[in-house]
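Each chain gets a letter, A, B and so on, in the order its sequence line appears, and its residues count up from 1. None of these values were measured; they are calculated from a predicted model.
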Amino acid sequence: MTARRLEKVEAMRARGEEPYPTRFERTARSLDVHNEFAELEAGQNTGKDVAVAGRVLNLRRLGKLIFVVLQDAWGTIQLFVERNTLGDEGFEAFEAVDAGDWIGCRGEVMTTRRGELSIRISGFELLSKALRPLPEKWHGLQDKERRYRQRYLDLIVNEDARRVATVRAGVLSELRRQFEARDFLEVETPMLQSMAGGALARPFVTHHNALDIDMYLRIATELHLKRLVVGGFERVFELSRVFRNEGIDAIHNPEFTTLEAYQALADYNDIMDLMEEIIPAVAAAATGGTVFEYQGRVVDLTPPYRRVALLDLVSEAAGEPVGLDWPPDRLHDLLGRHGVESQPGWGPGKMITELFEALVESSLWDPIFVIDFPKETSPLARVHRRDPNLTERFELFAANIELANAFTELNDPVDQRRRFEQQAKAKAEGDEDAHPIDDDYVKALEYGLPPTGGLGIGVDRLVMLLTDQATIREVVLFPTMRPE
RNA sequence: GGGCCUGUAGCUCAGUUGGCAGAGCAGGGGACUUUUAAUCCCAAGGUCGUGAGUUCGAUUCUCACCGGGCCCA
């Protein structure tokens, strides 16, 4: 099939025609035509000429008449290709057009007998010859592997793929609008770092030749953003990609998008209030409202959201009041009873966090702020103002999805250094996810980080929720794949 | 990392209890000036993911490998 189309290209060149010209003067997009002539009845001629352009999706040839579905970025419009209008020469040239080709056409806006808005073309030119055939017109492209590897094909033939990518763009745009409206400054911090901090995760390692040092792709934007708050930018955010060298599954891609924001003089309660404003606004921009379906179940993101302590949720699920002051053996037994295998080196905080993930997370459908996480697993969060074993941290869940993680930031440099040292100890004992000691970050805190509330949103997961997709691969245009 | 499923025509999918490989769409030829997945007629289209094993014979059974999907850790 490719060979046959290559022959058409060569035949055109032999006639002195260019199968890949440089530009086309379009006067109307498909959407414009539909908007302007929405009310037109069947069998009308408007006398109005337009020039449209796009990809030929489908041709229905009826002898001296051809109906063509032309797709541009804003929709589709039907071409009415008539021998009488186009002339014998033009019509015969049109018969070389294949599904998949890009063409530009001029003609009169009209409606067919059945009322389909169309362009009766009086002239056309090939804009780009497609050498490969399109996937099946009715079922589209189903094979998931090819949909991900060749997303361009998915986008051509699967409307839902276009919808998800478009909604994603709307989510990014609305997030920016929301933070900018509150005087947050969008900044860019290093992706390539000599130390990967700000989260508990394994980084990708690379090498800088000129400096002859190993470098890491960032696993979070947190530490640099807080350095900027030290620098006096009281409200900053970064909406960008981070990288974690971990497995790939329905909710994990090695590169993913986060929005981190930091607000001076605020604590985690203020950040919860902020989330209750921003999440509904973004949902409304994406779905038209705050109530919608996710995987067959209704989600209602209308604020306010419940705010419940993690220990209370775990206690409720365990059927008894669980505390961080329990002896390790007792916690270990509790985990065992609930089928969680605890590992040596896990302290009470880690065990209770694991229990939360095993028993509670999957039941969190309505939006909820889970608050007050153990200090042990939150090395960058400020200790709770009323309980030295907890931190002022929350995670926002909805529809079983963790959407955000936030805390009152730890701004005491002495405490921060102590926490880093505890992490270093864990790392020495084999915890590969433990946080490295970042001396420069502690130094920055020593110059004074004001009281600050910080926030991280998992943008891919938010898009999954708002586009009703079950896997992250559906909301990332080019998900990470093993090379073919 | 473990379990299950999967890879057949350009695409979407059947199928072979182990014996010449099937359809629809796309593509080719023909008819058709009002289609909407157009319709009708004709012809063509295959290294059945790769490699080994069992067998008279493997696309089918077994194993390994290469991809992919789902679930679990």
What I want to find out is whether A:D98 reaches A:R5 closely enough, with some N-O distance under 4.0 Å, to be called a salt bridge. yes

Can you measure A:L62 atom CG to B:C41 atom C1' for me and round it to whole angstrom units? 16 Å

Watson-Crick or G-U wobble partner of B:U12, both distances under 3.5 Å: B:A23

Using a 4.0 Å heavy-atom cut-off across all strands, classify A:Q78 as base, sugar-phosphate, or nothing. base

Does B:A58 have a Watson-Crick or wobble partner in any strand here, with both distances under 3.5 angstrom, and which is it? none

Can you check whether A:R218's main-chain N or O pairs, donor with acceptor, with A:Q193's side chain at less than 3.5 Å? no

Over 60° means perpendicular and under 30° means parallel, so classify the ring planes of A:F369 and A:F394, tilted if in between. perpendicular

With respect to the phosphate group of B:U35, does any side-chain polar atom (N or O) of A:R60 fall under 4.0 Å of OP1 or OP2? no

Just checking A:L141: base, sugar-phosphate only, or nothing, at a heavy-atom cut-off of under 4.0 Å? sugar-phosphate

Grab the NE2-C1' distance between A:H139 and B:G10 for me, whole Å please. 16 Å

B:G18 to B:A58 separation - P atoms, rounded to the nearest Å: 14 Å

Please check if the distance between the ring centroids of A:Y216 and A:F204 is under 6.0 Å. no

Nearest to the side chain of A:L65, heavy atoms from C-beta on, is which of B:U33, B:C25, B:U35? B:U33

Rounded to the nearest angstrom, tell me the gap between atom CG in A:L59 and atom P in B:G27. 7 Å

Treating A:N158 as the side-chain partner and A:A161 as the backbone partner, does any N or O pair qualify as donor plus acceptor under 3.5 Å? no

Does the Lys NZ or Arg CZ of A:R151 fall within the cation-pi geometry relative to A:F478 - under 6.0 Å from the ring centre and within 45° of the axis? no

From the list A:T287, A:L462, A:I457, A:L172, side chain to side chain contact (heavy atoms under 4.5 Å, CB included) partner of A:V282 resolves to A:L462

Between B:C61 and B:G15, how far apart are the P atoms? Round to whole Å, please. 13 Å

Figure out the CD/C1' separation between A:E136 and B:U12, and round it to whole Å. 5 Å

Below the 4.0 Å mark, does B:U35 have OP1 or OP2 next to a side-chain nitrogen or oxygen of A:R114? yes

Go through A:E357 and A:V340 one step at a time and tell me if the side chain to side chain contact (heavy atoms under 4.5 Å, CB included) criterion holds. CA-CA 10 Å; A:E357 289 175 7; A:V340 181; over 6 Å; no

Whole angstroms only, please: what is the CH2-C1' distance between A:W138 and B:G24? 13 Å

For B:U39, the Watson-Crick or wobble counterpart (both distances under 3.5 Å): B:A31

P atom, B:C11 versus B:A73: distance in rounded Å? 36 Å

Considering only the P atoms, how many Å lie between B:A31 and B:U47, rounded to the nearest integer? 33 Å

RNA chain B: A:K137 or A:F80, which has the more 5' nearest nucleotide? A:F80

Pairwise C1' distance, B:G67 and B:G27 [rounded to whole Å]: 28 Å

A:F80-A:F124 aromatic ring centre distance below 6.0 Å: no

P-based separation of B:U60 from B:C20 [nearest Å]: 14 Å

If you look at every strand shown and take non-hydrogen atoms under 4.0 Å, does A:R146 touch a base, only sugar-phosphate, or nothing? sugar-phosphate

A:R4 CZ to B:A43 C1', in whole Å, measures 12 Å

Describe the nucleic acid contact of A:R132 in one word from base, sugar-phosphate, nothing, applying a heavy-atom distance below 4.0 Å. nothing

The Watson-Crick or G-U wobble partner of B:G1, with both key distances under 3.5 Å, is B:C72

Figure out the CZ/C1' separation between A:R61 and B:U34, and round it to whole Å. 17 Å

Strictly by Watson-Crick or wobble contacts shorter than 3.5 Å, is anything paired with B:U17, and which nucleotide is it? none

Is there, by distance only and without an angle test, a donor paired with an acceptor across the side chain of A:N84 and the base of B:U33 below 3.5 Å? yes

Whole-Å gap separating P (B:A26) and CD1 (A:I156): 17 Å

Report the C-alpha distance between A:S30 and A:D72 in whole Å, list the side-chain angles of each, state the deciding distance to 0.1 Å, and finish with yes or no for side-chain hydrogen bond (donor to acceptor under 3.5 Å, both in side chains). CA-CA 7 Å; A:S30 61; A:D72 66 18; 2.7 Å; yes

Side-chain atoms of A:T112 come closest, of B:A26, B:U35, B:G28, to B:U35

Need one value for A:G140: base, sugar-phosphate or nothing, where a base atom within 4.0 Å counts as base even if backbone is also close, heavy atoms only. sugar-phosphate

Protein-to-nucleotide contact annotation, 5' to 3' order, nucleotides 68-73 of chain B [B base; S sugar-phosphate only; - none; under 4.0 Å, heavy atom]: SSS---

Provide the Watson-Crick or G-U wobble partner of B:G67, both distances under 3.5 Å; none if there is no partner. B:U6

Identify whether any heavy atom of A:E116 sits under 4.0 Å from a base atom; if not, whether one sits that close to sugar-phosphate; answer base, sugar-phosphate or nothing. base

5'-most contact on RNA chain B (nearest-nucleotide basis), A:K8 vs A:R113, goes to A:K8

In whole angstrom, give me the gap between the P atoms of B:U36 and B:A23. 25 Å

Using atom P of each nucleotide, how far apart are B:G28 and B:A38 to the nearest Å? 15 Å

When you get a sec, tell me which of B:C11, B:A37, B:U35 is the closest nucleotide to the side chain of A:F67? B:U35

